[in-house]
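The analysis underlying the following values was restricted to heavy atoms, covering all of them including side chains, and did not include hydrogens, waters or symmetry mates.
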Amino acid sequence: MTLRLRAADALPLVAAAAIPLVFLHVRYQAHAAFGSVDIYGSDVAIVVVLAAGAAAGVKFGWEPLRRGRWLWLVSALFVGLMFASCFWRPLGDLTTHLTTVAKYAEYALLAPAVALLFRRPVDLDRFLWVFVVWAAAAGLWGGLMFLGVVDDPDGPRPGQREVSFLGHQLLGSFTGAAVAIGFAAIALGTHRRLAAVAVVGGGLGVIVDASVFAFLGTLLAAVAVVLVTWRLRTLSLARLLAVCAILVVVGSGVSVLRGSDVTNYLGFLGVTEPNKATTGHVETGQQRTLLLWMGWQMWKDHPVLGLGIDRSNTGFQPYLAALKRRFPGQPAEAYPSKQNPWGVQNYWLELASDMGIAGFVLGVSAFLIGLVLAFGAVRVNPFFALVATGFILVAAGTWNALGIVSGVPLDALTWIGLGLGTTAIPVAAAYRGTARV
């Protein structure tokens, strides 16, 4: 019995211990290359987590996987289609395509692993504490970069968007997920110390990264928390105002850092007068628009199964002339080229351009099933259910700023959130009465 208790405590801690490596930019990790395949410390950490999940299944049973069976099926079909698309012709760099799929599958396996590892409230509590503390550290480090106390990887750039020890969008999504944890705790009146660290440290990270789409995901998480807790009748006016105040502060910070970009983009769309001082720059909004248009054309030409994974990053040549006609006057660096192989830079559209309507439906279905499962666990344990919902929504929002990229922290956040959505851990006796369930 003693050994069983030790295993029950130790195995979930493996996932918590992996967080600092998984949510860390590869530039700071140990690295080994085997031909064209790169292995990083985060890969090793994830493999250890997967092994711990398998060990938990062997020792304590596989029952936790039953609730998520539809998610596992859809995810398997999605990864299988991704693998098959490596062989669409022309083949291109097959090794690169297969490496992308292997990394994606590796991170996708985090979902069933966390479902097997987190069987008790204390298991997830410990994981969330490590998650929030590391997110707060990322936010603080980014804040020090913003103030010029420490240098970012490109040298001192005080007063600008910062990457901390993750990267743009990745910092915002990671810390945005921490803020989502804080929203759930505040609205339910539970885990007060966890909420304080999550909101302060996570909010700082979202602000200094200044990702509009990471903030969008954070906003969606807040809306979900408010709607669910309102129906549960646990949301008091004071708690609602606290959630709204946090959104206003974080959103204002993002707006201050990105206000000029938004103004320039409105000028590009013709809503306002273009800012002549920025004409000719590679502005994010303008470039994203032309790349989205390129992805749309790619999908229209290959509607069922797409170009094949990674092909939208290299198959731009047939669309280049039309891009320049459709979006004239942009700087040369804004258009895709061999030197700048810009992809679609939007996960949802790249699903369609690379894997057609089949890949888009499977990819979106995985997110929707995860959300349905998370909402379905609200009556069992509202806090953990809303945490899973927050992770999924923050990831979904942030993926608007990135294409299909494998082996990055946002992949981990996505699949951890989906895995948490399949859990239905009953609320512990210690927490009964903190929220009406």
Side-chain angles (χ1 to χ4, degrees), residues 23 107 111 128 131-132 134-136 138-139 142 161 163-164 166-187 198-199 201-228 243-244 246-255 257-258 261-262 284-285 288 292 345-351 363-364 366-372 374-375 385-405 408-421:
F23 292 93
Y107 278 70
L128 293 180
F131 188 97
V132 163
W134 190 243
R161 296 178 64 191
V163 297
S164 187
L166 285 100
H168 284 308
Q169 321 299 342
L170 307 177
L171 171 63
S173 60
F174 179 42
T175 53
V179 176
I181 295 171
F183 287 151
I186 290 169
V199 167
L204 179 59
V206 175
I207 290 172
V208 297
D209 186 26
S211 167
V212 173
F213 291 115
F215 178 71
L216 170 64
T218 307
L219 174 62
L220 292 175
V223 171
V225 165
V226 168
L227 291 177
V228 169
V243 171
C244 292
I246 294 165
L247 279 175
V248 169
V249 171
V250 175
S252 297
V254 172
S255 177
L257 290 180
R258 296 301 299 277
D261 291 339
V262 174
T284 300
R288 285 192 187 282
L292 286 171
Q345 294 189 7
N346 180 289
Y347 178 83
W348 308 107
L349 185 55
E350 191 170 343
L351 288 179
V364 171
F367 276 80
L368 292 178
I369 292 171
L371 284 173
V372 169
F375 281 123
L386 287 176
V387 167
T389 301
F391 278 29
I392 296 169
L393 291 175
V394 170
T398 310
W399 277 120
N400 284 286
L402 294 169
I404 301 174
V405 185
V408 296
L410 185 53
D411 287 308
L413 178 67
T414 299
W415 291 105
I416 289 172
L418 291 173
L420 292 179

Return the [atom1] to [atom2] distance between [X] and [Y], rounded to the nearest 0.5 Å.
X: S164; Y: L204; atom1: OG; atom2: CG; result: 9.0 Å
X: L386; Y: L420; atom1: CG; atom2: CG; result: 12.0 Å
X: I392; Y: I416; atom1: CD1; atom2: CD1; result: 12.0 Å
X: S252; Y: L247; atom1: OG; atom2: CG; result: 10.0 Å

Can you tell if the side chain of [X] reaches within under 4.5 Å of the side chain of [Y], non-hydrogen atoms only?
X: F375; Y: L227; value: no
X: L393; Y: L371; value: yes
X: N400; Y: Y347; value: no

- Message: If you apply the rule side chain to side chain contact (heavy atoms under 4.5 Å, CB included), what do you find for T175 with D209, and how did you get there?
- Response: CA-CA 9 Å; T175 53; D209 186 26; 5.8 Å; no
Locate the shortest heavy-atom distance separating [X] from [Y]; write the atom from each residue and the value.
X: G182; Y: A198; value: N-CB, 3.9 Å
X: V254; Y: V206; value: CG2-O, 3.7 Å
X: A388; Y: G421; value: CB-N, 3.6 Å
X: P409; Y: L170; value: CD-CD1, 3.8 Å
X: F23; Y: A412; value: CZ-CB, 4.0 Å
X: Q345; Y: E350; value: N-OE1, 4.3 Å

- Message: With a 3.5 Å distance limit and no angle check, can you tell me whether W348 reaches the backbone of A396 through a side-chain donor-acceptor pair?
- Response: yes
Donor-acceptor list for residues 212-226 side chains, cut-off 3.5 Å, not counting sequence neighbours:
| from | atom 1 | to | atom 2 | distance (Å) |
| --- | --- | --- | --- | --- |
| T218 | OG1 | A214 | O | 2.9 |

- Hits for side chain to side chain donor-acceptor pair (under 3.5 Å) against T389, two or more places apart or cross-chain, chain-then-number order -> none
- Residues forming a side chain to side chain donor-acceptor pair (under 3.5 Å) with W399, sequence neighbours excluded: T414
- With a 3.5 Å cut-off and no angle check, do the side chains of T398 and Q169 form a donor-acceptor pair? no
- Message: For V179 and V394: C-alpha separation, side-chain torsions, deciding distance, then whether side chain to side chain contact (heavy atoms under 4.5 Å, CB included) applies.
- Response: CA-CA 10 Å; V179 176; V394 170; over 6 Å; no
- Hey, mind stepping through L171 and V208 against side chain to side chain contact (heavy atoms under 4.5 Å, CB included) and telling me if it holds? CA-CA 9 Å; L171 171 63; V208 297; 3.9 Å; yes
